[in-house]
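One structure below.
Since the structure is predicted, the reported quantities are computational estimates derived from the model, not experimental observations. Just so you know, these numbers use all the heavy atoms, side chains as well, and skip hydrogens, waters and symmetry mates. The chains referred to below are lettered A, B, ... by the order of the sequence lines, with proteins before strands, and numbering in each begins at 1.
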Amino acid sequence: MGKLVLIVDDSTFMRQLVRSTLQQAGYEVIEGKNGREGLEQLDTNRVNLIISDVNMPVMDGMTFVKQVRETVTNGFTPILMLTTESSEEKKQEGRAAGATGWIEKPFDPNQLLQTIAKVVR
Amino acid sequence: MFFEETSEHLASLEHNLLHLEQTPHDKELLDDIFRSVHSIKGGSAVFSFDELTEFTHVFEGVLGQLRDGELQPTWAIVDLLLRATDEVKALVSAAQQEGAPPPSRLDLLRELEHMRSNPAPLSASATPVAAGQRDVMRERVIYLVTFIPSERVLRLGLNPLLALEDLGHLGTVSDIHVDTSRLPALAEMEPEQAYLGWTVQVETDKTPAEIRDVFAFFEGDCELRIEPVGDHTSLTTPCEEPVTSFVPDPYPVDIVAPSVEANSIEPGVPPLAVGLESSSIRVPVERANHLIDLVGEMVISQSMIVQILNTFSPEDLPRLQDAVAEMARNTRELQERVMAVRMLPIGTIFQRFPRLVRDLSRTFGKRITLHLSGEETELDKSVIERLSDPLTHLIRNAMDHGIEMPEVRRRAGKPEQGTIRIHAYHQGGNVIVEVSDDGSGLDTQGVRQRALERNLIRASEELSIEQIHALIFRPGFSTAKEVNAMSGRGVGLDVVKRNVEAANGTVSVQSEGNQGTRFRLKLPLTLAILDGLLLRVGAQTYILPLTTIIESFRPHPEQLKTIFGQGEVVGVRGEFLPLLRLHRLLNLTATAPDPTKALVVIVEHEGRLVSLLVDEVVGQQQVVIKSLEANFRRMEGIAGATILGDGQVGLILDVAGIMTLARAKNGTPKDTSADRAAP
């Protein structure tokens with residue numbers, strides 16, 4: 001059975017890109033359009049990995065990550081954040097919120113899979 | 001940190017390359033050279049200075065072939081390597097200033113590539129620059145990777161085991177050591193915390209940067225050390241790669257662990273610890289720790305004093321005296337230690353000279369060897385920094401005007417190869433640096449002639465040889481465009497003199513006919529503190545640098561004479577020295593008209609002796625020099641000021657200035673030195 005990955009991003013294109021890449025590599029994917037929807041998905045699913053955007057309406061990525069870390073079921077789940085800039089500040093902020101790592105946009109499918117392999121196997 | 005280390009590596013690289021020319025088959029030397037470049041490459045990769053990494057990679061490749069005997073260190077190759085070293089310097093400074101890398105590197109890169117691909121039969125066809133780089137030269141190195149994740153990593157969704165697995169995929173793991181020292185007792189253990197650390201010995205062809213990348217997501221949440229254990233040639237190389245730790249450093253100062261000394265260029269020579277232009281000093285941990293200990297002791301003795309004073313009664317006096325003495329001892333030691341922090345071996349500036357001499361030899365068409373000695377002599381950083389220009393100047397000068405052309409030397413019966421020696425050593429409280437050559441020496445008559453033409457002296461003046469030679473330091477003695485017209489020398493030697501004097505030093509020259517010339521720089525160990533003799537003249541306290549004092553005594557009436565045309569003199573063991581009344585020179589109201597009721601202090605400056613008449617010698621003390629010019633204005637005969645124990649300002653006498661002052665007041669240009677005037 002493939003690992004379950006939650007992708008949270010307000011961009012439909014980005015969600016599709018990640019989904020198709022991951023599905024080809026054998027992962028199962030569920031989605032949320034913002035932090036709120038992401039949390040709702042986690043209420044009913046135990047996932048192996050979460051990939052989340054930073055800037056999203058309703059609930060942004062930082063708040064989302066903080067809330068995930070407080071849940072019992074997914075408190076230890078690896079969370080990769082999608083960032084456009086590789087700024088140290090953003091990484092620090094993400095790390096403080098509880099993010100595991102980051103993927104810099106744009107990325108090619110291989111980079112995505114390699115980065116994921118660093119945190120989940 | 002990276003830049004400092006790199007500049008050290010560069011310096012030793014250059015040094016070693018120059019040596020390589022003389023001892024082409026020195027295997028250890030080649031290993032050192034290889035290691036320097038390798039370390040720069042490693043460091044540059046860590047900080048992703050890609051151009052630098054690329055360049056040093058190819059550079060290293062050529063060195064590897066040299067080491068393996070596939071290339072011979074011919075003159076042309078050493079030359080190329082030296083140019084490559086320059087290029088690395090340029091790349092480093094480009095990286096430092098975040099500027100664009102110099103375009104010249106591409107040409108050199110091609111030359112290096114060419115050198116590398118040519119003699120090797122396996123890659124006989126010209127390899128394109130980009131291609132051969134990655135594959136050919138990667139050799140397997142054993143690294144000791146220490147990885148200690150912070151306790152919270154599990155809560156961040158990080159799994160240390162995955163990182164270790166990835167590390168294993170990079171090469172062959174030969175040993176793993178688990179560090180359980182952080183593991184608490186079972187009752188205190190939090191299952192959600194990470195307590196373990198690992199040390200993995202892995203043999204890989206990957207760079208430290210690539211290894212580091214495995215732990216990328218642990219950055220900020222782990223301690224990571226990547227140290228090469230040694231490659232095929234070097235057996236043990238402690239800590240050569242930049243050691244980076246993500247855990248806050250216990251010493252926020254730039255501190256070098258003593259292990260770095262293993263990098264030292266030559267046995268016995270301390271590591272060249274500083275890039276001169278840098279504003280930071282690297283201090284061995286030991287020295288820093290000692291300082292902290294001392295400060296601790298001072299705090300204790302200070303609180304002792306406070307305690308005694310709080311409940312003071314007369315019988316406590318001895319205890320108070322003890323406590324104060326203790327504090328004084330600590331203060332003195334602290335002062336010495338703090339000064340030691342700023343002390344650097346003078347070799348830090350010597351190291352650039354071999355290259356200078358080599359390059360200039362070609363320019364001038366002369367054959368010159370350079371001998372350095374006393375590199376380990378320590379001097380204050382501020383003095384060292386001021387020494388670089390004058391020394392460079394003196395070397396150039398010796399090469400240009402001192403050493404003759406080979407054929408001239410042959411005709412004079414000298415070896416064609418000229419020699420320049422730089423020798424540094426301690427003498428009393430001073431450091432002496434001598435720059436000597438075995439060239440043609442100073443043309444005394446030529447110098448005198450030149451000085452006459454330039455109106456520096458009058459035709460009627462009678463001057464000793466030393467005095468004539470000293471003329472070359474006078475401003476206006478020569479200008480660069482005219483200097484080659486005469487056989488003497490003196491390209492801006494006044495600048496040298498000014499520079500040395502700015503460092504509270506003196507410069508003198510000695511020259512023996514055809515045997516060469518020796519410049520002697522005398523420098524204080526530090527600019528900040530002076531051992532002084534406190535003197536009272538009138539109501540004022542003055543300080544004489546202890547190093548200038550020969551002796552002091554109360555003269556008997558029969559020792560005092562007045563010689564016509566020379567003024568007052570005092571006889572000491574058959575010699576008569578000019579007697580200078582300080583209160584007169586310094587325009588003080590006279591207090592001690594009778595020398596027999598006062599004291600005479602004999603001081604020395606550049607071989608000349610004079611005696612100074614003072615009212616009283618108060619004592620000996622170390623004083624902190626404050627600039628008078630910066631705080632007040634320049635005064636003839638005064639070198640600076642200091643704050644005395646009672647809060648008063650004491651003026652520090654400048655012996656050279658006083659001699660000048662005396663000459664001006666007496667209106668006599670006559671020699672005031674210890675000329676043996678008959679009694």
Side-chain angles (χ1 to χ4, degrees), chain A residues 3-8 38 42 45-52 61-62 64-83 86-104 107 110-121, chain B residues 1-2 45-50 98 145 147-170 189-196 198 200 202 204 206-207 209-224 226 244-248:
Chain A
K3 308 237 182 220
L4 185 59
V5 179
L6 168 66
I7 160 84
V8 183
L42 293 178
N45 292 289
R46 198 180 189 291
V47 299
N48 300 98
L49 172 69
I50 300 165
I51 298 175
S52 170
M62 295 295 174
F64 170 62
V65 171
K66 270 184 220 152
Q67 303 226 358
V68 173
R69 284 288 174 245
E70 280 163 21
T71 65
V72 179
T73 42
N74 288 294
F76 292 83
T77 306
I79 307 175
L80 294 176
M81 303 207 77
L82 293 166
T83 55
S86 59
S87 85
E88 257 328 289
E89 219 172 298
K90 271 276 177 282
K91 285 182 185 175
Q92 296 282 345
E93 204 186 325
R95 177 48 63 96
T100 310
W102 39 89
I103 305 170
E104 279 164 31
F107 49 82
N110 267 334
Q111 279 173 320
L112 178 64
L113 292 174
Q114 276 172 17
T115 310
I116 289 175
K118 274 178 180 289
V119 294
V120 65
R121 242 168 260 170
Chain B
M1 194 74 185
F2 165 71
V46 171
F47 294 94
S48 42
F49 299 131
D50 296 338
E98 291 169 18
V145 180
F147 169 55
I148 306 171
S150 73
E151 292 187 356
R152 65 164 191 170
V153 290
L154 299 179
R155 291 186 177 155
L156 293 168
L158 283 164
N159 186 347
L161 295 179
L162 294 184
L164 288 172
E165 222 174 284
D166 283 344
L167 179 63
H169 291 315
L170 291 184
M189 199 156 0
E190 294 263 2
E192 295 173 0
Q193 302 264 47
Y195 294 111
L196 298 180
W198 292 267
V200 181
V202 58
T204 175
K206 300 283 190 278
T207 64
E210 285 168 298
I211 298 173
R212 191 168 293 280
D213 195 46
V214 168
F215 302 96
F217 286 157
F218 286 88
E219 188 178 325
D221 274 288
C222 79
E223 189 184 332
L224 184 63
I226 302 170
T244 318
S245 150
F246 293 129
V247 164

Looking only at heavy atoms, the pair that brings L154(B) and F76(A) closest together is O-CD2, 3.0 Å
Value for CG (L156(B)) from CZ (R95(A)), rounded to nearest 0.5 Å, stands at 5.0 Å
Across all chains, not counting sequence neighbours, the side-chain contact (heavy atoms from CB on, under 4.5 Å) partners of E190(B) are R155(B), Q193(B), Y195(B)
Nearest heavy-atom approach of F217(B) to T100(A) is CB-O, 3.6 Å
Listed by number, the residues in residues 157-164 of chain B that come under 4.5 Å of chain A (heavy atom to heavy atom) are G157(B), L158(B), L162(B)
The salt bridge (charged side-chain N to carboxylate O under 4.0 Å, His left out) partners of E165(B) (sequence neighbours excluded) come to R121(A)
Okay, L49(A) and chain B: the region with an atom under 4.5 Å from a heavy atom over there is neither
Residues passing the salt bridge (charged side-chain N to carboxylate O under 4.0 Å, His left out) test with R69(A), sequence neighbours excluded, are none
Turns out that what part of V65(A) lies under 4.5 Å from chain B's heavy atoms comes down to neither
